[in-house]
*Asks:* 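This structure is in structure tokens; I'll ask about it shortly.
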Amino acid sequence: MMPDLTVTIGQLVLKNPVMPASGCFGYGEEYAAFYDLSQLGAIVVKGTTVEPRLGNAPVRIAETAAGILNAIGLQNPGVVAAKDRIRQLARYGTPVIVNVAGNSSSDYQRVIEILEDEPTVAAYEINISCPNVKQGGLAFGTDPEVVAELINKLRSATHRTLIVKLSPNVTDIVAVAQAAESAGADALSLINTLVGMAIDAEKRRPVLANLTGGLSGPAVKPVALRMVWQVTEAVQIPVIGMGGISCAEDAVEFLLAGASAVAIGTANFVNPTVCPEVIAGLSEYLKRHQLRSVQELIGLAKAAGKN
Amino acid sequence: MMPDLTVTIGQLVLKNPVMPASGCFGYGEEYAAFYDLSQLGAIVVKGTTVEPRLGNAPVRIAETAAGILNAIGLQNPGVVAAKDRIRQLARYGTPVIVNVAGNSSSDYQRVIEILEDEPTVAAYEINISCPNVKQGGLAFGTDPEVVAELINKLRSATHRTLIVKLSPNVTDIVAVAQAAESAGADALSLINTLVGMAIDAEKRRPVLANLTGGLSGPAVKPVALRMVWQVTEAVQIPVIGMGGISCAEDAVEFLLAGASAVAIGTANFVNPTVCPEVIAGLSEYLKRHQLRSVQELIGLAKAAGKN
Amino acid sequence: MPRKITMQITANEALSAEVRRITLTGDITAQPGQFVQVAVTAAHDPYLNRPFSVHDWRDGELTLLYRLVGRGTAILAARQPGESVTVVGPLGRGFPMGREHSAIIVAGGIGAAPLLFLLRRLQAAGKETAFLYGAQTAAALVLREQFQALATTYAESTDDGSRGRQGQVTELLQEVLLKQKADIYACGPEPMLRAVAKLAAAYQCRCYLSLEARLACGVGACLGCVVPARDGSYLRVCVDGPVFAAEEVFAP
Amino acid sequence: MPRKITMQITANEALSAEVRRITLTGDITAQPGQFVQVAVTAAHDPYLNRPFSVHDWRDGELTLLYRLVGRGTAILAARQPGESVTVVGPLGRGFPMGREHSAIIVAGGIGAAPLLFLLRRLQAAGKETAFLYGAQTAAALVLREQFQALATTYAESTDDGSRGRQGQVTELLQEVLLKQKADIYACGPEPMLRAVAKLAAAYQCRCYLSLEARLACGVGACLGCVVPARDGSYLRVCVDGPVFAAEEVFAP
Ligand SMILES: Cc1cc2nc3c(=O)[nH]c(=O)nc-3n(C[C@H](O)[C@H](O)[C@H](O)COP(=O)(O)OP(=O)(O)OC[C@H]3O[C@@H](n4cnc5c(N)ncnc54)[C@H](O)[C@@H]3O)c2cc1C
Ligand SMILES: Cc1cc2nc3c(=O)[nH]c(=O)nc-3n(C[C@H](O)[C@H](O)[C@H](O)COP(=O)(O)OP(=O)(O)OC[C@H]3O[C@@H](n4cnc5c(N)ncnc54)[C@H](O)[C@@H]3O)c2cc1C
Ligand SMILES: Cc1cc2nc3c(=O)[nH]c(=O)nc-3n(C[C@H](O)[C@H](O)[C@H](O)COP(=O)(O)O)c2cc1C
Ligand SMILES: Cc1cc2nc3c(=O)[nH]c(=O)nc-3n(C[C@H](O)[C@H](O)[C@H](O)COP(=O)(O)O)c2cc1C
Ligand code: FES
Ligand code: FES
């Protein structure tokens with residue numbers, strides 16, 4: 001018997017808990033060459049702002065040990081153009097989650113307003129944590145009160161599932177998580193990238209034109225797992241876990257830590273078929289461990305962690 | 001001509017900017033089998049507390065992608081026994097820096113008091129950031145006011161060089177750095193480990209008995225470089241940079257980012273002769289780049305980063 | 001359509017101290033100017049796949065030419081025939097076939113890599129080809145006989161004069177352009193490409209350049225590999241290129 | 001004194017589906033029961049060195065027996081004769097020579113690794129040795145002929161009865177202990193070691209056990225590899241062991 005992979009995130013019932021992470025999957029079409037995107041639990045599209053953004057100057061990517069730094073700077077065509085591309089995803093019949101970014105709460109509101117009449121959109125993921133945008137961005141993600149205020153406003157702007165994406169660059173991620181929860185978030189996603197830097201020893205200058213960038217990939221997995229564990233101890237709403245997932249075993253670890261679903265980012269770059277491979281691997285894992293449903297895995301390591 | 005590797009940290013003049021990181025070098029004797037420790041710029045011994053500490057239960061170490069998690073829990077023989085072992089290091093004639101840990105400001109004061117009459121001790125490194133000790137430890141390192149208060153007290157307890165070791169697990173490391181500086185710290189060292197976690201997918205439980213541990217090794221280098229860059233922009237006192245250094249090129253990157261010296265931790269475990277290799281490699285680098293002194297490297301990437 | 005493909009290594013040999021050639025068999029197709037991403041290791045360090053232009057492709061056999069510059073290429077060099085390697089490709093937009101009867105191909109150092117496949121295709125299309133090959137020293141003119149044998153005309157230059165004309169390969173280009181109009185194709189270091197683009201503009205020739213950038217995904221999803229376009233926007237090297245018309249990317 | 005040594009691989013062969021033997025030459029010394037840390041890769045993933053007991057050492061030749069369990073051992077298995085590998089060692093405290101005329105060696109599975117060198121030394125010291133070898137199946141009794149040829153007496157058991165006695169190797173131990181007093185040496189899975197320690201205590205024999213833990217530094221500096229001692233403190237497997245007297249670590 002096939003194990004049941006269904007999970008629920010707010011109003012969304014996902015046929016499996018695996019989705020690409022925002023900014024790592026464009027608007028989906030690039031990976032459609034490699035497999036049928038309808039296999040995915042959900043599709044998360046890239047950070048979308050009201051106006052088009054050019055993004056940062058190159059160099060935008062630096063490779064680091066078991067990871068990368070990126071400083072894309074939210075390059076995107078703006079919500080109006082993005083809407084057309086999002087509509088193309090309807091054919092896959094899998095929920096589409098739009099990652100929303102901005103510099104002010106009215107920016108976020110405006111993006112949601114414009115997308116409200118687009119039926120392809122299933123949920124919003126509020127990116128309060130992009131480390132590569134200089135004004136605003138970071139501040140939103142680090143102060144629980146500012147987060148609560150923003151999410152309150154967005155809560156009245158939509159009845160759709162509202163996911164708040166948390167920054168790991170904080171002293172106390174639990175406080176931010178709880179603020180988002182009490183302001184009405186339906187779910188949380190974490191982690192966004194850790195702020196980092198690379199320096200070219202030979203050229204004696206920073207590698208990235210933006211100086212700093214966001215660290216992602218296997219290198220950050222231990223930090224992500226810890227934060228997912230901590231946050232799921234402290235909130236009732238579901239958490240989408242991410243940070244360095246590159247195989248089914250990694251995904252299992254996030255579920256065991258308490259995540260209800262997982263997102264895969266940088267690993268797509270190294271292995272374009274990682275998402276379907278993780279979905280298949282999850283099924284295998286459940287069968288091997290004689291579990292009927294992926295939901296049995298969620299938070300299962302917590303009990304063990306307590307004795 | 002041999003390039004000049006001398007750097008100054010508070011009252012210490014180091015013959016080169018390379019030292020082992022605390023907790024990764026015991027009290028020195030283990031690595032004395034591999035090379036003459038008098039080659040080192042300084043020797044930093046492990047976190048020392050007033051009373052002996054047993055440390056955490058095993059499992060204490062988990063390997064992660066390009067790094068490790070540790071949850072040693074400050075196992076140490078207590079300051080009185082440590083003093084005898086520190087005295088053994090006098091023969092190397094290189095400055096000995098004692099990493100001081102505790103749960104309260106009087107703990108730290110007490111350790112310093114007991115070490116004040118030991119001439120082998122050249123400086124104290126105040127560990128306000130050990131993530132593996134449950135009470136106290138973490139709180140010290142994250143709140144600028146608490147840090148200022150602690151360092152104020154310790155400043156009156158010693159005329160020796162006082163180095164404050166910062167935690168990377170904070171929203172704003174610059175605020176903590178500035179608090180330590182204004183309270184009278186002679187230098188800063190960063191970063192300590194990032195709080196992380198590992199889960200065993202097969203056993204479905206956390207790997208570490210302590211649940212969380214501190215992440216170190218090449219994986220954290222980008223975060224460490226960023227923090228060294230940020231902190232050295234904001235303070236006047238010298239910074240000892242660390243986090244993932246495993247070769248001379250890595251050390252150069254930290255110096256270029258603004259560090260006045262570097263410490264090498266986890267890499268000793270993989271390559272027991274990494275410290276002398278980095279010292280030799282620094283000389284090579286300076287020769288190849290026709291620089292007369294390592295001091296010319298300090299912060300050199302900042303200028304490039306600004307155009 | 002790009003795919004993830006497991007390929008078998010059939011040869012992996014040194015052509016010079018710095019340049020090697022690896023031959024892979026497997027179910028892949030390619031056009032001249034396209035590239036593949038090679039998963040040099042299954043471990044997480046180095047993390048990203050390495051992009052290499054298709055040096056040649058026929059009968060299910062893919063050949064790459066690679067210069068040893070760092071860790072990834074060192075790992076690739078240690079892989080043995082018989083082993084398998086994961087490749088993602090074919091990727092990117094290759095060289096268009098052009099309109100003129102004559103084609104000039106300008107190769108700078110390892111930039112020669114994608115130009116063999118192009119040269120064969122242009123010859124097969126009945127074009128007259130001039131292959132201009134520049135490098136720092138004679139030893140770096142790898143596979144010179146091969147290019148010389150295939151091209152209608154062939155000329156070469158080295159920085160140190162150890163073979164061919166001493167000087168820049170663009171001097172050779174200027175001489176050829178004085179005599180004929182042609183479509184120009186080039187791959188090599190950026191300063192060379194800029195100089196080629198300038199000459200092409202001066203002589204009003206179509207000009208196609210293969211660019212490099214640091215790639216992450218290689219498929220257009222991450223926006224990591226952009227170069228500034230003439231119109232102020234950014235172009236992705238991996239899918240909008242790696243071959244660009246000169247006027248898309250360089251001011252004349 | 002431990003050192004960091006570059007060694008040459010002279011052989012690296014499969015002894016069973018899971019167990020391999022690698023032979024290295026270079027300037028190293030060792031005592032039975034000591035181990036080395038092997039830098040399986042120069043990249044940062046996997047990051048730590050892998051510890052392996054000295055299976056044998058003579059004439060500048062170091063032999064390790066290793067079981068394929070994960071990524072590090074898989075990388076090691078792919079290394080070719082002729083390549084070099086960095087090794088740190090010798091590390092740890094080995095087996096003491098004991099006091100009785102008779103020695104019983106108990107090997108559980110890959111726990112046999114350090115016991116060949118010990119067996120040779122005990123024989124050379126003129127002791128009478130009983131080698132008791134247990135594993136899950138016959139195939140896992142690697143090098144059984146070698147142990148059998150060297151030891152004064154030899155007995156074996158498998159969980160599935162596919163060779164030797166069906167059952168636990170500790171049953172064989174009990175039988176031998178009924179007949180004679182001896183120093184006991186053991187390496188194998190922890191439950192086996194605990195059972196051996198219990199029998200040794202019951203028959204009042206000295207007993208030395210080689211333990212495993214997750215190591216980081218391997219030299220005593222990180223305090224990562226501790227096991228609880230009987231006295232409530234912690235012992236470091238890497239320098240206080242890996243060989244411990246049974247009563248240091250296990251309650252009788
Ligand atoms: C579309 C495309 C096609 C390519 N085709 C070929 C080819 O056919 N043959 C060939 O030899 N090379 C080719 N390259 C370049 C090749 O990808 C790099 O040389 C290779 O990835 C280096 O890997 P490494 O791990 O050995 O070097 P690393 O250790 O990653 O780097 C070594 C040094 O090279 C620099 N570097 C690495 N990659 C790049 C880059 N893409 N741009 C600028 N600097 C870089 C690094 O900063 C570092 O200084 C191509 C690149 C692209 C984008
Ligand atoms: C002093 C000492 C001597 C040893 N001698 C030998 C020997 O002679 N021959 C031999 O085959 N092995 C020996 N081992 C064990 C050997 O070090 C490990 O099997 C090896 O490091 C695994 O590496 P890997 O990368 O293949 O596995 P990994 O991918 O690191 O791990 C695979 C699985 O094994 C588990 N694991 C790995 N290492 C350990 C460990 N030390 N303790 C418990 N679980 C672990 C992991 O949790 C994981 O589930 C020894 C260990 C020690 C401490
Ligand atoms: C190139 C790149 C672009 C990204 N863009 C966004 C984005 O637009 N919005 C967002 O919320 N997160 C963005 N992220 C963060 C990822 O969604 C994810 O949170 C992070 O990379 C950690 O997961 P990973 O280690 O699996 O990549 C981006 C990450 C990368 C690598
Ligand atoms: C096993 C281990 C023990 C450590 N113990 C201490 C300690 O006692 N005091 C301290 O300030 N830092 C301690 N650290 C942190 C290191 O000194 C260093 O800040 C950190 O590991 C980052 O450097 P690295 O990546 O080079 O290891 C320890 C790190 C490790 C890995
Ligand atoms: S490499 Fe990702 S868009 Fe080009
Ligand atoms: S492994 Fe570091 S003390 Fe034993």
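Every chain is numbered from 1, with letters handed out A, B, ... down the list of sequences.
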*Asks:* Any salt bridge between A/Arg288 and B/Glu202, counting N to O under 4.0 Å?
*Replies:* yes
*Asks:* Applying ring pair (Phe, Tyr, Trp, His ring centres under 6.0 Å), which residue pairs with at least one partner in residues 277-296 of chain B are found, sequence neighbours left out?
*Replies:* B/Tyr285-B/His289
*Asks:* Do any N or O atoms from the side chain of B/Arg205 and from the backbone of A/Ala301 form a donor-acceptor pair under 3.5 angstrom?
*Replies:* no
*Asks:* Given side-chain contact (heavy atoms from CB on, under 4.5 Å), test B/Thr212 with A/Trp229 step by step and report yes or no.
*Replies:* CA-CA 10 Å; B/Thr212 62; A/Trp229 178 286; 5.8 Å; no
*Asks:* If you take all heavy atoms of B/Leu256 and A/Ala201, which pair is closest and at what distance?
*Replies:* CD1-CA, 3.9 Å
*Asks:* Give, as side chain, backbone, both or neither, the part of A/Val252 having an atom under 4.5 angstrom from any heavy atom of chain B.
*Replies:* side chain
*Asks:* Closest approach of A/Leu225 and B/Met197, non-hydrogen atoms and distance?
*Replies:* CD1-O, 3.6 Å
*Asks:* Any idea which heavy atoms bring A/Leu194 and B/Val223 closest together, and the distance?
*Replies:* CB-CG2, 4.1 Å
*Asks:* Are the side chain of A/Thr171 and the backbone of B/Thr171 linked by a donor-acceptor contact shorter than 3.5 Å?
*Replies:* yes
*Asks:* Looking at CZ of B/Arg204 and CD of A/Glu296, how far apart are the two atoms once the value is rounded to the nearest 0.5 Å?
*Replies:* 9.0 Å
*Asks:* Check the surroundings of atom CD in A/Glu149: do more than 12 heavy atoms from other residues, nucleotides or ligands lie under 6.0 Å from it?
*Replies:* no
*Asks:* Under 4.5 Å from any heavy atom of chain A, what part of B/Asp250 do you find: side chain, backbone, both or neither?
*Replies:* neither
*Asks:* If you take all heavy atoms of B/Ile199 and A/Ala257, which pair is closest and at what distance?
*Replies:* CD1-CB, 3.4 Å
*Asks:* Are A/Leu215 and B/Lys221 packed together at the side-chain level, in the sense that at least one heavy-atom pair is separated by less than 4.5 angstrom?
*Replies:* no
*Asks:* Start with the C-alpha distance between B/Arg226 and A/Asn169, add both sets of side-chain angles, then the distance that settles side-chain contact (heavy atoms from CB on, under 4.5 Å), and finish with yes or no.
*Replies:* CA-CA 12 Å; B/Arg226 183 264 295 186; A/Asn169 303 292; 4.0 Å; yes
*Asks:* Considering only residues two or more places apart or on different chains, which pairs with a residue in residues 194-220 of chain B satisfy ring pair (Phe, Tyr, Trp, His ring centres under 6.0 Å)?
*Replies:* none
